[in-house]
Amino acid sequence: MNAVVRTAKPSQLIRGATGDWEIVIGLEVHAQVNSEAKLFSGASTTFGNDPNSNVSLVDAAMPGMLPVINVECVRQAVRTGLGLKAAINRRSIFDRKNYFYPDLPQGYQISQYKNPIVGEGRILIDMPDGETIEVGVERLHLEQDAGKSIHDQSPVYSFVDLNRSGVALMEIVSKPDLRSSEEAKAYVSKLRTILRYLGTCDGDMEKGNLRADVNVSVHKPGTPFGTRCEIKNVNSIRFIGQAIEYEARRQIGIVEDGGTIVQETRLFDPGKGETRSMRSKEEAHDYRYFPDPDLLPLEFSQDFVDALAAHLPELPDEKKARFVRDYGVTPYDAMVLTLERASADYFEAVAKGRDAKAAANWVINELFGRLNKEGKGIEASPVSADQLGAIVDLIGDSTISGKIAKDLFEIVWAEGGDPRAIVETRGLKQVTDTGAIEAACDAVIAANPDKVQQAKAKPTMIGWFVGQVMKQTGGKANPQAVNDMLKGKLGIE
Amino acid sequence: MSVDLDTVRRVAHLARIAVDEAEVAKLQGEINSILGFVEQLGEVDVSAVEPMTSVTPMVMKMREDAVTDGGYPERIVANAPMTEDHYFVVPKVVE
């Protein structure tokens with residue numbers, strides 16, 4: 001690879017005492033593979049079962065047990081590789097990564113070192129300012145997860161549960177292409193979206209099913225990269241951002257005070273918002289990798305790959321491009337609509353055969369806004385796509401005003417029902433009768449002679465009059481008609 | 001290739017093998033003589049030979065994705081020196 005090294009924009013640089021500093025970030029994301037059984041055993045991957053109940057003798061590393069690979073985990077890794085537009089290696093090797101820890105009964109993790117199942121790929125990330133950045137993926141490999149140690153049950157003992165031991169993980173390694181905490185957060189969000197579209201990882205960060213090791217270094221722009229530190233196991237997108245911001249400033253502080261950065265593994269403490277050294281793990285860096293003699297090379301045919309490629313779902317970038325092309329929504333709206341597959345499906349159901357821009361507006365601003373407020377996912381939306389579509393139709397054919405539509409949305413949200421029937425039975429129809437609007441305008445003008453005088457000097461006062469008339473008509477008057485009529489009556493151009 | 005005394009101590013520690021200081025020099029001699037023996041292999045030119053990771057000329061067997069094992073925590077912890085509620089209990093290892 002002789003790719004161009006990305007450089008940070010001036011706004012992304014951190015100002016230090018000796019000048020500006022550029023941050024360089026690379027991420028290793030560990031994504032739990034969606035599968036019923038573990039990578040090398042027939043035990044369940046279910047979360048939250050009783051301790052050591054999802055454990056086979058293979059996972060507990062009893063003597064004489066042999067690993068047999070789960071073909072679905074291989075398929076999931078290949079699907080993910082295809083989704084990341086990456087090279088698929090039809091021959092890869094499993095290696096033993098040796099270290100001692102109580103939650104690793106084998107004394108080694110089965111991983112892939114020099115010959116991973118997936119090679120170089122790329123991820124496009126969408127920044128809030130509308131910029132799209134391409135981030136390189138170095139590799140993806142399959143490996144086993146470790147068990148879980150619980151330290152707060154006793155002052156002198158740790159409790160070990162191996163339910164997670166042997167569950168398949170995909171480690172997805174980015175190139176050091178990221179230049180700010182914002183970019184790193186956008187990268188993990190986008191990767192999570194892609195994995196969820198593919199169905200290869202549920203992306204549940206609270207359960208630890210997606211977590212990241214964050215490599216951070218700092219240097220003066222145009223000079224070689226600095227020494228990096230690795231922040232282990234950060235399990236939320238917000239924490240990834242906080243850890244980078246803290247770590248970059250810590251490193252700048254050390255270098256500017258004349259010190260040097262020591263390459264080391266650190267932990268992020270969310271309570272304190274800082275990273276600290278994990279010195280005790282330093283010696284563990286000597287992993288003494290060697291090919292696992294219990295496992296033959298992992299080989300599969302091009303047909304195996306092609307069959308998976310043929311059934312790949314439409315991915316977020318393609319869906320986003322199609323939404324812009326076919327529905328005429330803005331790239332930003334298309335990005336928001338395609339963050340989750342279910343949201344995108346919902347939008348399409350609303351937009352089909354309707355004003356797509358209005359549909360996008362209602363889905364993003366009203367529906368997503370309301371769902372976020374209540375902490376609900378799109379699947380739990382009380383307003384169905386059909387119902388929201390009917391509301392959009394009612395505005396489109398001028399049966400109701402935009403303001404009444406919001407009230408109608410609230411009614412449907414709280415009570416359900418057919419929006420058309422609700423409009424009929426509750427008398428929410430827009431008043432288009434000019435006589436009624438005129439009467440309301442005259443009444444407001446007659447009651448406010450002082451305001452009429454002010455409006456002649458300050459035409460923007462008309463907004464106040466429109467508001468009063470709308471109030472009088474219970475929001476049912478067409479605001480544009482009111483505006484036009486008031487202009488005439490007040491003599492405002 | 002040969003190892004010094006510190007490397008012997010380090011390898012022993014990584015393997016979690018307790019080695020008396022008195023034994024370190026003796027082990028250094030043994031390891032270096034083994035390394036010297038193995039180094040003779042370097043005389044063979046294998047630059048065009050693919051590394052052999054297995055002696056069996058077969059493809060790896062794969063398993064379908066089905067839960068066929070587990071569900072016996074009492075057997076899993078049966079040999080553990082200390083357990084509680086089917087957890088392994090070990091000396092504290094907190095960072």
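To find a chain, count down the sequence lines: A is the first, B the second, and so on, and within it residues start at 1. All values derive from a computational prediction rather than experimental measurement.
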Can you tell which part of [X] gets under 4.5 Å to a heavy atom of chain B, answering side chain, backbone, both or neither?
{"X": "A:P105", "answer": "neither"}
{"X": "A:F290", "answer": "neither"}
{"X": "A:V156", "answer": "backbone"}
{"X": "A:S41", "answer": "backbone"}

Which of the residues A:C73, A:G107, A:A37, A:A60 is involved in the greatest number of heavy-atom pairs with chain B at under 4.5 angstrom?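 Between A:C73, A:G107, A:A37, A:A60, the count favours A:A37.
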Between chain B and each of A:S44, A:S56, A:S35, count heavy-atom pairs under 4.5 Å; write down the option with the most.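 Option with the greatest count: A:S56.
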Test item: [X] and [Y] side chains (from C-beta on) under 4.5 Å apart, heavy atoms:
{"X": "B:V90", "Y": "A:V160", "value": "yes"}
{"X": "A:V71", "Y": "B:E64", "value": "yes"}
{"X": "A:Y157", "Y": "B:E84", "value": "no"}
{"X": "A:D50", "Y": "B:H86", "value": "no"}
{"X": "B:V77", "Y": "A:N52", "value": "yes"}
{"X": "B:D65", "Y": "A:R75", "value": "no"}

So which of B:G70, B:A15, B:A80, B:P73 has the biggest tally of heavy-atom pairs under 4.5 Å with chain A?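 The residue among B:G70, B:A15, B:A80, B:P73 with the greatest pair count is B:P73.
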Residue that, paired with B:K92, satisfies side-chain contact (heavy atoms from CB on, under 4.5 Å) out of A:S149, A:S158, A:S154, A:P102: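 With B:K92 as partner, A:S149, A:S158, A:S154, A:P102 yield a single side-chain contact (heavy atoms from CB on, under 4.5 Å), made by A:S158.
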Residue from A:V68, A:I69, A:N70 passing side-chain contact (heavy atoms from CB on, under 4.5 Å) with B:M62: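 By the side-chain contact (heavy atoms from CB on, under 4.5 Å) criterion, B:M62 pairs with just one of A:V68, A:I69, A:N70: A:I69.
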Shortest non-hydrogen separation from [X] to [Y] and the atoms involved:
{"X": "B:I76", "Y": "A:M62", "answer": "O-CE, 3.6 Å"}
{"X": "B:V67", "Y": "A:E36", "answer": "CG2-O, 3.6 Å"}
{"X": "B:R63", "Y": "A:F40", "answer": "NH2-C, 3.4 Å"}
{"X": "B:Y72", "Y": "A:V55", "answer": "CE1-O, 3.7 Å"}

Going through the checks in order, is the salt bridge (charged side-chain N to carboxylate O under 4.0 Å, His left out) test met by B:D69 and A:K38? CA-CA 10 Å; B:D69 208 346; A:K38 294 183 179 179; over 6 Å; no
Around A:Y113, counting heavy atoms of other residues, nucleotides and ligands shown, do more than 12 lie under 6.0 Å from its OH?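 Atom OH in A:Y113 is not packed in, count stays at 12 or less.
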In sequence, state the C-alpha distance, the side-chain angles, and the governing distance for A:Q153 and B:V89, and then conclude on side chain to side chain contact (heavy atoms under 4.5 Å, CB included). CA-CA 10 Å; A:Q153 298 290 304; B:V89 177; over 6 Å; no
B:T83 OG1 to A:F159 CZ distance, which is reported to the nearest 0.5 Å: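 So the gap between those two atoms works out to 9.5 Å.
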Inter-residue atom distance A:Y99.OH - B:R16.CZ, 0.5 Å rounding: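 Going from OH on A:Y99 over to CZ on B:R16, the span is 12.0 Å.
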Part of B:M82 lying under 4.5 Å from any heavy atom of chain A: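 Contact with chain A is through the side chain of B:M82 alone.
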